[in-house]
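Following: one structure in structure tokens, then a few remarks.
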Amino acid sequence: MTSFLAARPLNPIYSALPTTIFEVMSQLARTHEAVNLGQGFPDDPGPLDVRQKAADAVVNGWNQYPPMMGLPELRQAAAAHFQRWQGLSLDPETEVMVTSGATEALAGALLALIEPGDEVVLFQPLYDAYLPLVQRAGGIARLVRLEPPHWTITEEKLAAAFSDRTKLVLLNNPQNPTGVVHSREELQRVADFCQRFGAYAVCDEVWEHVIFDGRVFESMMALPGMRERTVKISSAGKIFGMTGWKVGLVLAAPPLMKVLSKAHQFLTFTTPPNLQAAVAYGLGKEDAYFTTMRAGLQRSRDRLADGLAGLGFRVLPSAGTYFLNIDLSAHSNTPDDESFCLDLVKTHGVATIPVSAFYADDAVRSVVRFCFAKTDATIDRALERLARVRLAA
Ligand code: PMP
Ligand code: GLN
């Protein structure tokens with residue numbers, strides 16, 4: 001008689017993971033017909049000329065494999081774009097790679113750089129993809145806990161996290177979910193630790209164009225001594241406000257890029273050529289396109305912030321991204337962020353994101369994230385519903 005063994009356990013990292021909070025809240029928003037200020041995506045369909053370029057490239061252009069490193073026109077456009085906006089000098093041939101979104105770029109960078117047992121410094125609250133990717137690559141996470149209202153990266157926190165086993169630091173700036181743009185001093189602090197411990201900096205800079213109040217974005221790559229040890233990651237989805245467009249950019253010095261490209265070649269190998277062609281066109285758009293986009297989002301931020309403050313919520317500052325947060329700790333009758341968000345979507349019909357979902361341990365449980373990249377009508381509808389929430393002083 002044949003004997004059967006029960007199938008072996010699946011990978012424990014993925015088996016233990018809950019469904020991402022963005023999917024959970026968007027599903028609840030659909031079920032409860034809520035205004036969705038949870039998952040970060042704009043109401044606006046994105047620039048028409050860039051979409052038309054993509055449509056034209058689908059109908060009349062090349063629909064077979066593009067080159068593994070990306071269309072030459074996109075790599076050239078990316079180098080020119082980051083020279084113009086961030087003063088970076090990049091060789092399109094050896095220092096620019098196109099990926100299928102920043103998500104693939106992150107996965108590839110972590111797989112290519114981490115050896116099992118390496119330590120990786122991460123900042124909490126952290127974008128939810130980071131930790132499982134680091135762990136699956138065999139990395140040991142060293143978590144730095146940042147706290148509201150300023151979420152500052154201090155010397156003491158870095159000193160407690162870095163060691164002679166630190167392989168890399170993974171930094172998101174501007175930061176999702178806090179809306180913080182880290183100061184030059186904080187970036188310099190991180191850079192100093194990288195140099196002192198021989199570590200790389202993998203910098204998720206996907207929100208680089210979404211910054212407000214006249215800020216100028218500074219890439220980690222531009223800091224003294226960081227050019228050769230930084231992997232810069234960008235996303236067309238965020239640059240053009242079309243989050244379904246999974247076109248990412250990786251920028252790194254040639255010795256790093258050589259290895260990063262080996263991970264890319266066996267993750268996705270390429271990215272749809274028509275979207276690449278449209279992004280190449282878009283990156284060359286006049287400065288006014290980008291400054292107008294910022295101004296529009298800044299107006300939406302202020303509309304939501306003023307509305308929430310008017311309803312008695314404590315609004316935390318937002319310097320960039322599509323997000324602003326409220327801190328519930330000021331109110332004596334509020335439950336934790338997760339219960340608040342569940343009640344809000346089910347009872348009042350507004351979907352948001354509990355920021356505790358971005359912590360792996362010792363979570364801050366009083367902060368709730370709102371996406372303001374919405375029309376005035378959407379924001380106003382959410383505020384009308386939020387007016388029914390009862391808060392104690
Ligand atoms: N990193 C951060 C911090 C993000 O907020 C996002 C998307 N919201 C990504 C990465 C993923 O970018 P993409 O859609 O280009 O994969
Ligand atoms: N980055 C988006 C956000 O923060 C969501 C991305 C996703 O749904 N995976 O809302």
### Query
Any side-chain heavy atom of Phe370 within less than 4.5 Å of one from Leu304?
yes

Identify every side-chain donor-acceptor pair in residues 127-141 under 3.5 Å, counting partners at least two apart or on other chains, and give the distances.
from	atom 1	to	atom 2	distance (Å)
Asp128	OD2	Thr20	OG1	2.8
Tyr130	OH	Asp204	OD2	2.6

### Message
For Arg365, give me all partners under salt bridge (Lys or Arg N to Asp or Glu O under 4.0 Å), at least two apart in sequence or on another chain.
### Response
none

### Query
Can you name the side-chain hydrogen bond (donor to acceptor under 3.5 Å, both in side chains) partners of Arg30, sequence neighbours left out?
Gln27

## Note on the structure
Phe197 meets the ring-ring contact (aromatic ring centres under 6.0 Å, His included) criterion, sequence neighbours left out, with Phe162

### Task
May I ask you to decide if the ring planes of Phe290 and His209 are parallel, tilted or perpendicular, using 30° and 60° as cut-offs?
parallel

### Task
Decide yes or no for Val120 and Leu113: does some side-chain heavy atom of the first lie under 4.5 Å from some side-chain heavy atom of the second?
no

Donor-acceptor pairs under 3.5 angstrom involving side-chain atoms of residues 253-261: please list them, not counting sequence neighbours.
from	atom 1	to	atom 2	distance (Å)
Ser261	OG	Met257	O	3.4
Ser261	OG	Lys258	O	2.8

### Task
Answer yes if the side chains of Glu205 and Asn172 hold a donor-acceptor pair under 3.5 Å, and no otherwise.
no

### Task
Answer yes or no on whether Arg369 is positioned over the face of Phe323, meaning its NZ or CZ is under 6.0 Å from the six-membered ring centre and within 45° of the axis.
yes

### Query
Charged N to carboxylate O under 4.0 angstrom, Asp44 versus Lys374?
no

### Message
Once side-chain hydrogen bond (donor to acceptor under 3.5 Å, both in side chains) is applied, do any residues pair with Glu338, and if so which ones, sequence neighbours excluded?
### Response
none

### Message
Just by distance, no angles: are the side chains of Ser356 and Asp336 close enough, under 3.5 Å, to form a donor-acceptor pair?
### Response
no

### Query
Strictly under 6.0 Å, is that where the ring centroids of Phe123 and Trp151 end up?
no

### Query
Do Asp192 and Gln188 have side-chain N/O donor and acceptor atoms under 3.5 Å apart?
yes

